[in-house]
Amino acid sequence: MARPGRKKRTALFILEIICLLVFIGGLYVYGQIDSRLNKIETPQLDESKIVTNVTAPQMSGYTTYALFAIDQRSKNAALDAQNSDTIIIASINNDTKEVKLASIYRDTLLDIGNDTYTKANAAYAYGGPEQAISMLNTMLDLNITDYVTVNFNAMVSAVDALGGLDLPLSYAEMVFMNDYCIETSEETGKSYTPVTLPDPKPANEEETLGEYHLNGVQVVSYCRIRYTASMDMGRTERQRRVIGLMVDKAKSAGLTTIFNIMDEVFPMISTSVSKTELLNLIPNLMGYNISDTTGFPSKYKFADVKKASMVVADTLEENVKELHKFLYGADENYQPSQNIVDANAKIIELVGGADTLVDQAPLASNEAGSSDEIVWQGDGSGNYDYNDYSGSNSGSDYSGNDYSGGSDYDSGNDYNGGSDYDSGNDYNDGSNSDSGSDYDSGADYDNGGYDGSGDDGSSDSGFDDGSGYE
């Protein structure tokens, strides 16, 4: 019979061994992560170029980051950088670890810097992350100092490593996704199987038909869609939905999967967050939770300027107030700074007055010489076209207003209840996809909407020279 003292010593020894193994395992994991973090590009931000609105309120208790996604296809040789066609503000509540995401719609007319008013996604192309951050700070009363930029195609590898995602699809989304998959597959060298279109096609092509299991190529293509009735508002919502699903799935993934994602994705990331800061964040990552997402502006109208369709916040002051309430729980005492008030007045002046704004984006002309990009500089006394693209369609399938009205992350279901998809709009003027042709060669959706000049890889935007997903 073993003595009680020996049993106690044996149990203590086993506990010590377990603790030692856990410690060694922790060191191994830490070392693996530490070495992989070296793959992330961490350029030094030129802080002298980052403009902050000194009169804006400081939201204590939160950490805010700017997230940018760059489409590899959108490289414009005329500019030093690429358009950030995905712009997301991430607000982290430091106490609750709740994360809220707000997408900035790409065509929103804002001052991107130096009194230059144009579409928001051009700021990154003009001056890199410094200018894009400055635009967010000055136009939205924020104080962002750090950013993360990722090549959008990095998502392909990440989704595949996670085993794919289950996403809701409408007939319209299937058509566009299948078409985008061709280029995404060629760009990444990854394969996919087209989703089979239902036959006959449904009367309401915007209605969700069910969930489909998609691989990386398909998910990235799904995130690029903006030529449905929900336009860019639907595209950004898809992106936020995918981010949420990826975060949830990554939390339950094994270390091997996480390391594989790091190996594939980290080389395609650039950030101002230092390696030390990233390592300090890692122990808390499992506690973070994406609680809600939205788009900005939540209330908007459209301006048709020289056949270019711009999204105009209605009004900038009211939308900034709603954004602060969403991101920080700002109370009614918060009032936008004078900078926001002045910018709103300038925008209204530039578009020709509030009475020129419309609830639906006008159909753009396909006549030669139409321009998709308008830029005002200086005092606004004159304007010039950044570039002149014949056959520009300027996102002419825009329809509807006040898309999603703010929060859209609750229960992950935004495609029903008539809340988002403007049911029955059917791609403007009934120009619908014809007989399930998989949208090849850009022959469908050409009645002033998609004319094959953008999302298949050729030019559709004044600033991104061939991105299509702009």
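Counting from 1, the numbers follow the sequence of the chain as shown.
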Closest heavy-atom pair and its distance - L45, T145: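 Shortest heavy-atom separation between L45 and T145 comes out as CD1-O, 3.4 Å.
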
Contact summary for P194 and N178, nearest pair of heavy atoms: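 Minimum heavy-atom contact is CA-OD1, 3.6 Å.
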
Heavy-atom neighbours of K39 NZ exceed 12 at 6.0 Å: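 For K39, atom NZ is crowded (more than 12 foreign heavy atoms under 6.0 Å).
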
Validation row, ring centre F68 to ring centre Y124 under 6.0 Å: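 Yes, the ring of F68 comes within the 6.0 Å limit of the ring of Y124, centre to centre.
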
Audit row: S230, T228, side chain to side chain donor-acceptor pair (under 3.5 Å) steps and yes/no: CA-CA 5 Å; S230 61; T228 61; 3.1 Å; yes

Got a salt bridge between [X] and [Y], using NZ or NE/NH1/NH2 to carboxylate O under 4.0 Å?
X    : Y    : answer
K346 : D111 : no
R241 : E237 : yes
K100 : D292 : no

L316 backbone acceptor or donor facing K321 side chain under 3.5 Å: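 Pair absent, no side-chain N/O of K321 close to backbone of L316.
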
Ignoring hydrogens and geometry beyond distance, is a side-chain donor-acceptor pair present between [X] and [Y] at under 3.5 Å?
X    : Y    : value
Q218 : S221 : no
N93  : E98  : no
T271 : Y65  : no
T184 : R224 : yes
E207 : S170 : no
N143 : T52  : no
S291 : N289 : no

D304 side chain reached by V358 side chain, heavy atoms, under 4.5 Å: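 In short, these two side chains do not touch, never coming nearer than 4.5 Å.
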
Minimum side-chain heavy-atom gap V159-M246 below 4.5 Å: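 Answer yes - side chains close enough.
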
Reported [atom1]-to-[atom2] distance for the pair [X] and [Y], which is rounded to 0.5 angstrom:
X    : Y    : atom1 : atom2 : result
L209 : L169 : CG    : CG    : 8.0 Å
M174 : Y212 : CE    : OH    : 3.0 Å
M139 : I104 : CE    : CD1   : 12.0 Å

Pi-cation contact, Y334 with K325 (under 6.0 Å, within 45°):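 No, K325 does not sit over the ring of Y334.
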
